[in-house]
Asks: 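Structure below; questions to follow.
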Amino acid sequence: MPLPAPYGTGITPMAIAKVEPLLTARALRGPFDYALPERLAGVGVGSVLVVPFGRQRVVGVVVEVAESSELPPERLAEPLEALEAGATPELVRLGLWVAREYCSTPARGLELVLPPGVGRAGRGAAARTEVLAKLTPAGRAALEDGTRLGPIQRAVITALAGVEGELAAGGLQAAGADLAALRRMEARGMVELRTKQRARRPAIVDVGARSSRPALNAAQSAALSSITGVIDRSEHAELLLHGVTGSGKTEVYLAAAEAVLARGRGAIVLVPEIALAPQTVSRFASRFGDGVALLHSRLSAGERRDEWHRLRSGEAMVCVGPRSAVFAPVRDLGLIVVDEEHDPSYKQEGDPRYDAREVAVRRAQSAGAVLVCGSATPRPESWDRLPRLELPERADGIALPEVDVLDMRTTSGESGPLHAQTVQALSQIRDVRGKAIVMLNRRGWSPFVSCRSCGRGWGCPECDVSLVVHKGSGRLRCHHCGHSEALPESCPDCGSVTLARHGAGTERVAELIGEAASPLPVFRLDSDSAAPAGAHLEILRRFEASDAGVLVGTQMVGKGHDFPDVVLSVVLDADATLRFPDFRSEERTFALVAQLAGRSGRGPKGGRVLVQTLAPEAPAIRHAAMHDTAGFLTTELERRRALGYPPYSHLVRLEFGAPESARAQDAAETAHGRLAEVLPSDVQMLGPAPRFRLRGKHRRQLLLKAPEREGVVTAVRSVVDELAAGRTLRGISLSVDVDPQ
Ligand code: ADP
Ligand code: ZN
Ligand code: ZN
């Protein structure tokens with residue numbers, strides 16, 4: 001209802017929708033005002049509208065509803081229509097927060113919180129409906145009283161007369177009736193038709209050990225009551241659930257979710273890439289049935305849409321999914337779980353480069369919910385900041401396996417990528433017909449190839465990296481861009497045919513292990529072998545079903561699943577990740593090794609772990625071998641403090657890319673100059689520093705280290721917006737990464 005005009009002003013108060021168009025141009029300064037006519041009275045914050053925008057029609061999101069506008073009424077356009085779907089006001093605030101906090105645009109932030117498929121492109125997948133038909137008394141009479149009926153009509157009425165209630169229109173096709181025929185019968189009053197929404201539920205796949213519902217042990221109960229205590233006080237709190245793999249963290253998540261449900265509230269459970277967490281997903285699904293919704297990118301558009309709406313409507317109160325599920329429209333949120341909170345996949349690699357763990361903190365705060373971050377190998381940030389709940393032992397009471405560190409510096413170059421003890425342990429596996437897992441975080445046959453005569457190497461034409469030999473496909477591949485070329489037979493520079501392949505990746509190691517453990521089957525799991533849809537789970541399932549064998553692969557083998565009958569785990573080149581020039585190298589290496597070590601010997605047969613490395617003294621390796629998370633994190637936090645890295649600072653990375661290095665350099669220098677003027681004085685700025693060329697782009701980087709986050713983010717945002725509005729960034733790709741991983 002329009003309000004009556006106040007006397008004398010001549011201004012008619014009306015409802016104004018402030019709309020952010022879903023256009024990503026950085027220079028756009030929304031939101032824009034639209035007058036809401038009475039027919040759109042139901043529109044509120046979160047509604048999705050189609051609005052006239054210049055000469056276009058664009059989709060936009062209502063971010064505020066106001067009573068007046070600074071624009072005169074005659075300059076206000078009306079929205080063209082309101083789409084059925086929309087986000088909640090809470091989610092709109094969250095989306096805008098993400099846009100601000102990660103220096104992105106409102107449109108990109110809002111797209112995260114809209115129903116799947118609604119976005120710049122349009123309105124998303126339609127609801128799947130089915131038409132149901134029911135016989136009317138008139139229809140029943142028509143069969144008996146000699147009314148003239150066609151053969152199809154007679155068949156339909158006969159079919160409907162034979163059932164109680166309704167039949168799906170699809171089922172009447174056998175009688176020759178299509179929907180048009182049914183509509184004609186409806187017009188004659190012989191049947192009643194109604195349309196019903198049918199939800200598509202994603203299939204849930206099982207892999208790995210199945211679980212019943214155990215009574216919680218003392219440590220689990222204590223953790224649970226800390227969590228429920230906070231829920232009952234309706235407070236916001238963040239907790240770290242620290243427990244080795246198999247200590248029963250997932251049981252605690254399940255029980256905590258049950259506890260919030262019992263209090264009429266909802267829960268979000270974040271897992272790393274969903275393909276790597278099938279067991280967690282299926283445990284939630286079997287505990288909560290239709291009360292749980294799954295949201296991830298592998299679902300069909302229709303499934304995603306339906307799951308989203310089941311949450312929005314409150315039909316499902318628990319959502320399980322990867323990082324994007326932090327934006328799920330769960331009602332009355334009481335709990336957010338971040339499982340394997342150390343996992344790098346919680347960071348989004350495209351704009352906005354949000355960190356789902358930070359978004360979870362924000363969302364839990366505003367919802368008054370509890371945030372539980374769980375891991376066997378927590379991040380230094382979490383260890384430093386969060387109160388801890390400890391599960392010190394495995395739920396099955398079995399001790400953690402012994403870990404042997406094998407020093408690869410002492411082996412001769414001849415012996416190849418496997419240490420003699422590793423070969424021996426694998427042959428024992430063969431003799432007892434057991435199972436083993438071997439991890440090497442490098443795929444392909446060998447990481448580079450060179451000419452033995454002239455030393456020529458093979459690099460990617462688009463990136464400054466070596467091409468990796470893939471023997472199975474007979475190609476050299478770039479692991480950064482997708483470029484590939486045929487394996488060379490001779491050197492194009494000197495004509496020599498003696499080419500050397502250096503080092504080993506999973507492909508080669510799988511073949512070597514096939515020889516060492518023959519005749520046991522070897523299963524290779526890496527992003528090459530797992531590329532076809534469903535292949536990932538299929539490989540794990542075959543390994544699980546096999547009574548003996550070796551699973552060889554990248555870090556994918558060390559995540560999520562639980563095979564109690566694995567008695568040997570091997571990490572090859574454990575320090576490979578330490579050689580990356582990145583302040584998180586130590587933490588990554590520790591997590592990789594400790595996770596695999598913690599996953600071995602989870603059954604009654606016990607287990608053994610071998611870690612091959614060139615850096616046996618590195619703290620990350622030493623502490624991982626002792627299963628000493630606390631020791632590692634203490635050392636690592638000291639190092640971070642000395643170097644001024646997170647959690648003792650906040651980092652922002654700006655990266656400028658251009659086809660010519662001079663242009664990338666110019667843009668970086670311009671930004672450097674502007675930033676130097678506006679950054680708070682306690683922010684340290686490093687660069688412009690060159691980064692290796694990627695996908696044909698020369699890159700320059702600026703790295704900002706700030707003691708406090710707010711000031712640096714605000715300054716960066718203003719400079720980026722200013723540069724985007726001017727000419728500096730023309731033809732330049734810029735990425736802004738707050739809290740880079
Ligand atoms: P995590 O998530 O820490 O790896 P899980 O919750 O998956 O640990 O538990 C590991 C295994 O131990 C599972 O098979 C689970 O069913 C079982 N388990 C967990 N808690 C208990 C318990 N209190 N009593 C018996 N078995 C348990
Ligand atoms: Zn050569
Ligand atoms: Zn490349």
Side-chain angles (χ1 to χ4, degrees), residues 207-224 241-257 269 271-272 277-284 286-287 337-341 372-378 389-398 400 449-468 475-485 488-500 558-565 594-595 598-604 629 692-697 699:
V207 64
R210 239 145 250 95
S211 66
S212 54
R213 184 201 193 93
L216 298 185
N217 62 32
Q220 288 170 317
S221 304
L224 178 64
L241 182 61
H242 173 230
V244 294
T245 316
S247 59
K249 295 185 295 296
T250 308
E251 284 306 321
V252 175
Y253 307 148
L254 286 161
V269 180
V271 293
Q279 284 173 345
T280 311
V281 172
S282 63
R283 278 164 76 181
F284 272 86
S286 63
R287 187 74 57 95
V337 170
V338 183
D339 186 25
E340 310 287 9
E341 70 102 28
V372 178
C373 296
S375 177
T377 55
L389 310 172
E390 296 275 357
L391 303 182
E393 277 157 23
R394 287 189 184 190
D396 55 17
I398 296 175
L400 289 165
V449 67
S450 71
C451 170
R452 274 202 206 280
S453 308
C454 74
R456 181 193 203 274
W458 270 256
C460 175
E462 297 293 313
C463 316
D464 293 335
V465 297
S466 306
L467 292 174
V468 176
R475 302 194 73 81
L476 288 175
R477 292 185 188 282
C478 172
H479 284 189
H480 291 269
C481 72
H483 167 85
S484 85
E485 55 192 71
E489 281 166 9
S490 62
C491 174
D493 290 354
C494 74
S496 164
V497 291
T498 44
L499 305 180
K559 285 189 177 178
H561 35 78
D562 170 13
F563 300 108
D565 49 355
Q595 289 280 345
R599 251 168 236 291
S600 312
R602 290 184 73 167
T629 302
F692 72 90
R693 190 173 54 107
L694 181 67
R695 297 173 198 273
K697 280 190 176 146
R699 300 183 296 161

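Numbering of ligands and ligand atoms starts at 1, following listing order.
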Asks: Below 4.5 Å, heavy atoms only, C-beta onward: do P492 and R456 meet side chain to side chain?
Replies: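 Sidechains of R456 and P492: in contact.
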
Asks: Can you sort out which atoms of ligand 1 are near S247, meaning under 4.0 Å from one of its heavy atoms?
Replies: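 With S247 as reference, the close atoms of ligand 1 come out as 3 (O), 8 (O).
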
Asks: My understanding is that only residues two or more places apart in sequence, or in another chain, count here; which of them pass side-chain hydrogen bond (donor to acceptor under 3.5 Å, both in side chains) with R695?
Replies: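 Once residues adjacent in sequence are excluded, R695 has no partner under the side-chain hydrogen bond (donor to acceptor under 3.5 Å, both in side chains) criterion.
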
Asks: For ligand 1, which part of A376 has a heavy atom less than 4.0 Å away: the side chain, the backbone, both, or neither?
Replies: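 It is neither; nothing of A376 touches ligand 1.
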
Asks: Indicate yes or no: at least one non-hydrogen side-chain atom of L241 is less than 4.5 angstrom from one of L391.
Replies: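 Contact flag for L241/L391 side chains = yes.
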
Asks: Is it true that a side-chain atom of T629 and a backbone atom of A376 form a donor plus acceptor pair closer than 3.5 Å?
Replies: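 Checked: pair present.
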
Asks: Quick one: pull up SG in C478 and CG in L694 and give me the separation to the nearest 0.5 Å.
Replies: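 The CG atom of L694 is 7.5 Å from SG of C478, to the nearest 0.5 Å.
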
Asks: Does the residue R394 have a heavy-atom contact with ligand 1, meaning some pair of atoms that are separated by less than 4.0 Å?
Replies: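 Outside the 4.0 Å threshold, so no.
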
Asks: Donor-acceptor pair, D339 side chain versus V271 backbone, under 3.5 Å?
Replies: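 Answer holds: no.
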
Asks: Under 4.0 angstrom from ligand 1, any heavy atom of N217?
Replies: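 N217: in contact with ligand 1 (<4.0 Å).
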
Asks: Give the numbers and elements of all ligand 1 atoms closer than 4.0 Å to a heavy atom of L216.
Replies: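 In order of numbering, the contacting atoms are 23 (N).
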
Asks: How would you list, by chain and number, every residue that makes a ring-ring contact (aromatic ring centres under 6.0 Å, His included) with H479, sequence neighbours excluded?
Replies: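 Scan of H479 (ring-ring contact (aromatic ring centres under 6.0 Å, His included), adjacent residues dropped) gives H470.
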
Asks: Can you check whether L499 reaches P488 side chain to side chain, under 4.5 Å on heavy atoms?
Replies: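 Of all side-chain heavy-atom pairs linking P488 with L499, at least one is under 4.5 Å.
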
Asks: V244 heavy atoms, cut-off 4.0 Å: which ligand 1 atoms fall inside?
Replies: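 With V244 as reference, the close atoms of ligand 1 come out as 3 (O).
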
Asks: Measure the NE2-CZ distance between H483 and R475 for me, rounded to the nearest 0.5 Å.
Replies: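 Between atom NE2 of H483 and atom CZ of R475 there are 8.0 Å.
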
Asks: Among K249, H242, E251, which one has a heavy atom closest to atom 19 (C) of ligand 1?
Replies: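 Result: the heavy atom closest to atom 19 (C) of ligand 1 is in E251.
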
Asks: Would you kindly specify which portion of R213 sits under 4.0 Å from ligand 1, judged on non-hydrogen atoms: side chain, backbone, both or neither?
Replies: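 Neither part.
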
Asks: Is Q220 touching ligand 1 with its side chain, its backbone, both, or neither, if touching means heavy atoms under 4.0 Å apart?
Replies: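 The side chain, only.
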
Asks: Closer than 2.8 Å to the Zn ion (ligand 2), what protein N/O/S atoms do you find?
Replies: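 Correct list: C451 SG, C454 SG, C491 SG, C494 SG.
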
Asks: Nearest 0.5 angstrom please: L389 CG to H242 NE2, how far?
Replies: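 Reported to 0.5 Å precision, the distance equals 11.5 Å.
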
Asks: Hey, does C491 have a side-chain heavy atom less than 4.5 Å from the side chain of C454?
Replies: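 In short, these two side chains touch, coming nearer than 4.5 Å.
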
Asks: Do any nitrogen or oxygen atoms of A395 lie less than 3.5 angstrom from nitrogen or oxygen atoms of ligand 1?
Replies: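 No; every N/O pair is 3.5 Å or more apart.
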
Asks: At a non-hydrogen distance cut-off of under 4.0 Å, which region of D339 contacts ligand 1 (side chain, backbone, both, or neither)?
Replies: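 Near ligand 1, D339 shows nothing, with every heavy atom at 4.0 Å or more.
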
Asks: Side chain, backbone, both or neither: which part of P214 has a heavy atom under 4.0 Å from ligand 1?
Replies: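 Under 4.0 Å from ligand 1, P214 contributes side-chain atoms alone.
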
Asks: May I ask you to check whether A215 has an N/O atom sitting below 3.5 Å from an N/O atom of ligand 1?
Replies: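 Yes.
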
Asks: Hey, mind stepping through C460 and C481 against side-chain contact (heavy atoms from CB on, under 4.5 Å) and telling me if it holds?
Replies: CA-CA 9 Å; C460 175; C481 72; 3.6 Å; yes

Asks: Mind checking whether T250 contacts ligand 1 via backbone (N, CA, C, O), side chain (CB onward), both or neither, at a 4.0 Å heavy-atom cut-off?
Replies: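 The part of T250 near ligand 1 is both the backbone and the side chain.
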
Asks: The test is side-chain contact (heavy atoms from CB on, under 4.5 Å); show your working for H480 and E462 and say whether it passes.
Replies: CA-CA 9 Å; H480 291 269; E462 297 293 313; over 6 Å; no

Asks: Between E340 and K249 (salt bridge meaning N to carboxylate O under 4.0 Å), is one present in this structure?
Replies: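 Salt bridge: no.
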
Asks: With a 4.5 Å limit on heavy-atom distance, are the side chains of E251 and L254 in contact?
Replies: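 In short, these two side chains touch, coming nearer than 4.5 Å.
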
Asks: Under 2.8 Å from the Zn ion (ligand 3), which protein N, O or S atoms do you find? Ignore water molecules.
Replies: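 Result, waters dropped: C460 SG, C463 SG, C478 SG, C481 SG.
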
Asks: Does R452 reach the main-chain N or O of V497 with its side chain, forming a donor-acceptor pair under 3.5 Å?
Replies: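 No, R452 side chain to V497 backbone: no donor-acceptor pair under 3.5 Å.
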
